[in-house]
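First comes the structure, then the notes that go with it.
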Amino acid sequence: RGEPSYLGFIARERGVSVLPLEASPTLLFSYLRKKFSADQIILANTLEQVQISRDRQRVFGEALERVARTTIQEQVKIARDRGDKPTLTNIYRLTLAVSKLWPGLDWRQVPAEWSNPLLTDAETDGIYLNSLRLQNMDTRDRYSLRILLERVMRGERVLALAGRTHAENHRLTLSCALAR
């Protein structure tokens with residue numbers, strides 16, 4: 001399962017504790033909910049999963065619909081557990097939401113740029129999707145940095161595995177914090 005699994009294997013072999021740096025989906029949803037509606041979050045997360053499955057894993061047809069259906073169900077459960085009452089609850093409503101926001105676009109063909117937090121909504125016509133992705137990335141960075149800083153400030157040696165954008169944000173923030 002890639003580098004994270006290999007790093008975990010090496011850590012276990014050497015008796016080093018492994019600590020996840022990823023916030024739970026519920027926590028992420030709650031933070032995003034401060035700026036976005038439940039339906040906006042469900043739509044954005046579903047379209048991102050569809051795009052990733054389509055472009056990276058080459059998932060198409062019924063399998064892509066299963067990805068969308070599963071993502072919607074997971075997101076709706078989180079929303080309802082929080083007390084939200086989302087309306088985007090199935091593929092039909094996903095189709096309607098995408099048609100309303102982007103007439104003529106099929107949800108299966110969402111551009112990858114709409115999930116890029118480094119681009120603006122104006123640059124991609126993603127309406128609010130890039131802003132949501134940026135907020136999501138920022139929340140994830142803050143969460144993981146809090147964990148890392150707590151460990152470092154206690155004098156522990158820390159090795160963190162993160163994606164390129166997160167790693168750069170972590171490097172800058174940790175360098176700043178440790179310089180104090």
Side-chain angles (χ1 to χ4, degrees), residues 1-5 20-146 162-169:
R1 294 185 327 186
E3 291 87 355
S5 292
L21 297 177
E22 198 62 57
S24 72
T26 301
L27 181 67
L28 285 173
F29 197 100
S30 294
Y31 276 106
L32 291 172
R33 194 63 184 83
K34 294 175 183 178
K35 293 187 178 182
F36 301 94
S37 74
D39 283 334
Q40 287 177 315
I41 297 167
I42 294 167
L43 179 63
N45 288 338
T46 301
L47 294 179
E48 181 183 34
Q49 286 306 309
V50 163
Q51 180 269 313
I52 289 169
S53 297
R54 181 194 70 216
D55 296 350
R56 294 184 194 168
Q57 296 150 353
R58 301 293 180 218
V59 174
F60 300 99
E62 179 58 36
L64 194 60
E65 288 191 25
R66 275 193 304 278
V67 167
R69 198 175 306 111
T70 300
T71 304
I72 291 169
Q73 290 168 353
E74 291 167 353
Q75 294 293 302
V76 166
K77 181 178 181 340
I78 291 170
R80 287 181 176 157
D81 287 349
R82 293 185 72 262
D84 289 317
K85 295 178 178 17
T87 60
L88 201 163
T89 56
N90 56 45
I91 296 287
Y92 174 73
R93 292 188 183 249
L94 170 67
T95 303
L96 290 177
V98 170
S99 299
K100 181 178 178 183
L101 293 170
W102 302 281
L105 181 73
D106 184 314
W107 59 263
R108 295 165 193 86
Q109 301 304 317
V110 170
E113 295 80 33
W114 289 3
S115 292
N116 185 341
L118 302 179
L119 297 174
T120 67
D121 296 323
E123 290 174 306
T124 67
D125 293 325
I127 301 180
Y128 68 87
L129 298 177
N130 297 93
S131 298
L132 190 142
R133 280 292 134 241
L134 181 59
Q135 183 66 42
N136 181 292
M137 188 173 84
D138 183 61
T139 301
R140 292 169 59 209
D141 282 342
R142 288 174 187 271
Y143 179 86
S144 58
L145 281 165
R146 190 183 86 245
R164 179 182 59 210
T165 306
H166 295 291
E168 182 61 15
N169 290 345

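Worth saying up front: this structure is predicted, and the values here are computed from it rather than measured.
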Legend entry - Side chain E123, main chain T120, donor-acceptor under 3.5 Å: yes

Inset, instruction - State, to 0.1 Å, how close Q109 and L105 come at their nearest heavy-atom pair, and which atoms those are. - result: O-CD1, 4.1 Å

Inset, instruction - Apply side-chain contact (heavy atoms from CB on, under 4.5 Å) to Q135 and Y31, showing your working. - result: CA-CA 9 Å; Q135 183 66 42; Y31 276 106; 5.6 Å; no

Inset, instruction - Decide, yes or no, whether a salt bridge links R133 with E113 under the criterion of side-chain N to carboxylate O below 4.0 Å. - result: no

Legend entry - Evaluation steps, side-chain contact (heavy atoms from CB on, under 4.5 Å), between L129 and L47: CA-CA 9 Å; L129 298 177; L47 294 179; 4.1 Å; yes

Inset, instruction - With rounding to the nearest 0.5 Å, note down the distance linking CZ in R80 to OG1 in T89. - result: 6.0 Å

Inset, instruction - For the residue pair I72 and L94, establish whether any side-chain heavy-atom pair is separated by less than 4.5 Å. - result: yes

Legend entry - Rounded distance (nearest 0.5 Å) linking atom OG of S115 with atom CG of N45: 9.0 Å

Legend entry - Polar side-chain atom of T70 near backbone of V67 as donor-acceptor pair, under 3.5 Å: no

Inset, instruction - Would you give the length of the straight line joining atom CD1 of I41 to atom CG of L88, rounded to the nearest 0.5 angstrom? - result: 11.5 Å

Inset, instruction - Any chance you could measure I91, atom CD1, to L96, atom CG, to the nearest 0.5 Å? - result: 11.5 Å

Legend entry - Inter-residue atom distance Q51.CD - Q49.CD, 0.5 Å rounding: 9.0 Å

Inset, instruction - Count the heavy atoms of every other residue, nucleotide or ligand shown that sit under 6.0 Å from CZ of R146, and state whether that count exceeds 12. - result: yes

Inset, instruction - Indicate yes or no for a side-chain donor-acceptor contact from D84 to the backbone of P86 under 3.5 Å, with no hydrogens or angles considered. - result: no

Inset, instruction - Among W107, Y128, W114, find the residue that satisfies the ring pair (Phe, Tyr, Trp, His ring centres under 6.0 Å) test when tested with W102. - result: W114

Inset, instruction - Give a yes or no answer on whether the side chain of N130 reaches the backbone of N116 with a donor-acceptor pair at less than 3.5 Å. - result: yes

Legend entry - L43 side chain reached by V98 side chain, heavy atoms, under 4.5 Å: yes

Legend entry - Check: L64 main-chain N/O paired with R54 side-chain donor or acceptor under 3.5 Å: no

Inset, instruction - Could you tell me whether the side chains of R93 and T87 share a donor-acceptor contact shorter than 3.5 Å? - result: no

Legend entry - Rounded distance (nearest 0.5 Å) linking atom CD1 of I42 with atom CD of E74: 11.5 Å

